[in-house]
Amino acid sequence: MGGQVQQPSNAPHYDHSMSSYPGLQAGDVSDAAMARWLQSAGLQHLASPTASPSLDPRHFPTLLMQDYARHGLQNFEDRQKLFRLMKSMGGGMEPGVETFSPLNYGSGRRNGVDGLLSSELHGDIAGGILDLHSIDDVELLSEDIGHEPFEVSPFATVTERGFKNESEDLWLTNKVPNNKQRSQTENSSLRSSSFEKEVPAKDSMMNLARIKVVVRKRPLNKKEIARKEEDIVSIDASGNSLTVHEPKLKVDLTAYVEKHDFVFDAVLDEQVSNDEVYHVTVQPIIPTIFQRTKATCFAYGQTGSGKTYTMQPLPLRACNDMLNLMQHPTYRNQGLQLWLSFFEIYGGKLYDLLTDRRKLCMREDGRQQVCIVGLKEFPVSDVEVVKDYIEKGNASRSTGSTGANEESSRSHAILQLVIKKHSNKKEDKGGKLVGKFSFIDLAGSERGADTTDNDRQTRIEGAEINKSLLALKECIRALDHEQGHIPFRGSKLTEVLRDSFVGDSRTVMISCISPNTGSCEHTLNTLRYADRAERIIKE
Ligand SMILES: Nc1ncnc2c1ncn2[C@@H]1O[C@H](COP(=O)(O)OP(=O)(O)OP(=O)(O)O)[C@@H](O)[C@H]1O
């Protein structure tokens with residue numbers, strides 16, 4: 001699996017397949033048509049005359065993953081888009097045929113693929129799979145920003161280019177990075193940033209999907225390997241679908257396997273590094289934080305599935321990119337300052353993780369703005385300092401031990417990065433909020449359902465966690481249906497996140513799954529939670 005694109009077994013010969021290229025007539029591959037076609041897939045930057053070497057659809061049937069970088073496909077999403085283009089050319093598939101889940105998910109997807117193949121050329125390439133092209137044409141203004149939006153610099157160029165680093169090479173060549181390589185790449189990615197020189201244009205930022213659902217599968221751990229458990233999750237090379245092979249027994253006790261297929265915006269296999277997770281999930285949203293957006297990224301999944309492992313590195317990388325963007329001429333003299341706070345919700349109560357778990361209290365002001373009284377915010381201008389804050393906060397978190405994880409989180413931990421604009425005026429004490437990114441490491445999803453545990457405290461924890469996860473799903477549902485009423489009051493978690501859901505918001509949900517046989521039921525539950533969230537979005 002991971003990384004290597006499988007070549008279609010019956011890849012079309014160039015001469016015969018041209019008529020099936022959207023907008024291209026056989027023998028008439030004009031640059032303009034090529035550009036329009038790439039544009040329809042959100043890959044317009046590859047059509048530029050400066051893109052070298054330029055892409056030629058005749059080479060698609062033989063294009064390998066290792067060729068992607070050479071053609072300027074630097075990031076994961078571009079590769080997914082191109083892969084889908086190649087698929088749509090007939091690489092062993094009937095147009096419009098996709099993997100469908102038994103839950104009948106994907107009926108909308110068929111339309112999307114048909115849209116791509118229409119002569120209009122305006123079809124949404126992903127049909128909502130990677131809904132990066134859907135345009136939010138109603139730009140909701142957040143209630144608490146009184147000032148004008150920042151102008152995008154005339155120097156700004158549209159770019160979706162991510163940064164290429166060693167971890168990406170490792171991923172491409174299908175090798176699992178060892179610990180040394182991992183720590184080297186993770187440190188080097190903190191020094192470099194794709195935003196140092198370029199700020200994406202506002203239009204391209206606002207084209208980002210409002211809600212994105214990504215699945216991450218962790219590798220089998222030592223205990224699971226020792227127990228000879230099997231890996232029952234296979235990931236499609238397209239990078240957006242997966243199959244769970246559930247072992248089952250018939251009434252006559254013969255064994256059989258039931259397959260469950262799911263499709264999401266992106267599916268990351270066990271070889272994908274934390275850097276790549278960052279590029280796919282958080283990085284595209286960072287510039288929007290400077291444009292009055294409030295973003296939320298959370299990890300969901302059973303205990304031991306990798307939520308903390310996935311979430312912990314993200315704020316550090318986000319800080320690095322935000323600080324770099326602040327140095328860009330567009331923002332350098334705007335009086336911007338980055339602030340960090342870190343707290344947890346445990347048993348329905350709030351605790352500041354950076355001030356010895358001081359108890360906090362949540363209030364609403366007259367404008368229904370959520371205010372966490374007593375929460376300490378720290379100014380940040382250096383990633384090393386952020387590292388210390390994150391370590392300190394994590395050490396204060398409420399953890400316990402579960403069968404699957406010795407260091408299991410019993411709380412929801414919320415790390416917020418806030419950009420504020422400060423002026424020299426006397427009355428401007430705290431600065432005005434520009435944008436906010438909340439990173440949430442949720443407690444294990446199965447705890448709420450755990451009725452076998454007789455410990456009262458654990459049952460209270462479970463009930464609270466369950467309530468908040470349900471409330472979170474309800475809010476995402478309401479948000480996506482653009483309902484006037486969003487049920488924030490369903491739990492402390494959603495109340496706290498209230499201001500991240502109103503106005504111009506972006507949400508990324510990372511569903512973490514364990515691949516072993518013993519976790520099958522929880523894995524299916526996690527995927528169904530994510531699948532519902534995804535379907536809510538597409539309906
Ligand atoms: N993608 C991964 N690659 C390698 N190791 C991983 C990966 N994901 C998780 N792990 C390892 O699995 C173990 C459990 O991960 P983690 O603590 O992140 O789970 P969790 O979902 O946060 O659990 P809990 O809900 O109990 O807090 C850790 O030892 C972690 O290092």
Side-chain angles (χ1 to χ4, degrees), residues 186 190 274 277-278 281-282 285-286 289 294-300 306-323 337-363 370-400 407-420 430-431 433-444 461 464-465 468 472 491-501 507-508 510:
E186 299 196 348
L190 279 181
N274 282 333
V277 173
Y278 175 70
T281 55
V282 171
I285 302 174
I286 297 291
I289 303 300
K294 288 168 192 154
T296 310
C297 175
F298 65 89
Y300 176 88
K307 297 183 296 296
T308 306
Y309 182 88
T310 298
M311 288 305 297
Q312 269 185 7
L314 298 179
L316 201 61
R317 283 160 176 69
C319 262
N320 187 55
D321 274 342
M322 284 181 183
L323 291 171
Q337 173 67 53
L338 182 61
W339 297 83
L340 178 147
S341 60
F342 198 7
F343 61 101
E344 74 171 359
I345 304 175
Y346 174 69
K349 297 194 172 64
L350 274 61
Y351 300 91
D352 193 335
L353 293 174
L354 295 178
T355 54
D356 299 320
R357 299 181 53 77
R358 196 168 59 189
K359 207 167 162 189
L360 303 167
C361 153
M362 201 194 70
R363 297 241 169 83
V370 177
C371 167
I372 302 175
V373 183
L375 178 66
K376 191 135 172 58
E377 284 185 330
F378 295 86
V380 173
S381 43
D382 175 2
V383 270
E384 287 304 317
V385 178
V386 176
K387 238 186 219 173
D388 294 342
Y389 284 134
I390 294 177
E391 273 168 25
K392 185 176 174 193
N394 285 330
S396 306
R397 264 192 88 175
S398 303
T399 57
E407 273 281 299
S408 176
S409 335
R410 294 185 167 195
S411 64
H412 306 309
I414 302 174
L415 189 146
Q416 292 188 322
L417 296 175
V418 176
I419 297 176
K420 289 183 187 173
L433 186 88
V434 173
K436 174 153 86 172
F437 213 133
S438 305
F439 296 87
I440 309 163
D441 180 9
L442 293 174
E461 277 173 19
E464 191 60 40
I465 291 165
S468 53
L472 187 60
S491 75
K492 205 50 123 208
L493 175 69
T494 46
E495 273 186 81
V496 165
L497 291 176
R498 179 192 188 116
D499 70 338
S500 298
F501 286 136
T507 303
V508 183
I510 309 176

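Side-chain atoms are counted along with the backbone in the values below, which use heavy atoms only and exclude waters and symmetry mates.
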With rounding to the nearest 0.5 Å, note down the distance linking [atom1] in [X] to [atom2] in [Y].
X      : Y      : atom1 : atom2 : result
Arg317 : Gln312 : CZ    : CD    : 11.5 Å
Leu316 : Tyr278 : CG    : OH    : 9.5 Å
Leu338 : Leu417 : CG    : CG    : 5.5 Å
Leu353 : Tyr346 : CG    : OH    : 13.0 Å
Phe342 : Asp352 : CZ    : CG    : 10.0 Å
Thr281 : Ile510 : OG1   : CD1   : 4.0 Å

Beyond-backbone contact of [X] with [Y], side-chain heavy atoms, under 4.5 angstrom:
X      : Y      : answer
Leu472 : Ile440 : no
Leu493 : Leu442 : yes
Lys359 : Tyr351 : yes
Val496 : Ile372 : yes
Val380 : Met322 : no
Phe437 : Ile286 : yes

If every non-hydrogen atom of [X] is compared with every non-hydrogen atom of [Y], which pair is closest and at what distance?
X      : Y      : value
Ala295 : Ile289 : CB-CD1, 3.8 Å
Thr310 : Asn274 : CA-OD1, 4.3 Å
Ser411 : Glu344 : OG-OE1, 2.6 Å
Val373 : Leu360 : O-CD2, 3.6 Å
Leu323 : Val383 : CD1-N, 4.1 Å
Met311 : Ala299 : CG-CB, 3.4 Å

Legend entry - Distance flag, aromatic centroids of Phe378 and Tyr389, threshold under 6.0 Å: yes
Inset, instruction - Check step by step if side-chain contact (heavy atoms from CB on, under 4.5 Å) holds for Leu354 and Leu340. - result: CA-CA 10 Å; Leu354 295 178; Leu340 178 147; 3.6 Å; yes
Legend entry - Set of salt bridge (charged side-chain N to carboxylate O under 4.0 Å, His left out) partners for Glu377, sequence neighbours left out: Lys420
Legend entry - Glu384 bridged to Lys387 by N-O distance under 4.0 Å: yes
Legend entry - Results of side chain to side chain donor-acceptor pair (under 3.5 Å) for Ser438 - residues two or more places apart only: Gln416
Inset, instruction - Begin from the C-alpha positions of Ile390 and Leu415 and carry the test side-chain contact (heavy atoms from CB on, under 4.5 Å) through to its verdict. - result: CA-CA 8 Å; Ile390 294 177; Leu415 189 146; 3.7 Å; yes
Inset, instruction - With side-chain contact (heavy atoms from CB on, under 4.5 Å) as the test, would you mind laying out the steps for Leu314 and Cys297 before giving the verdict? - result: CA-CA 9 Å; Leu314 298 179; Cys297 175; 4.0 Å; yes
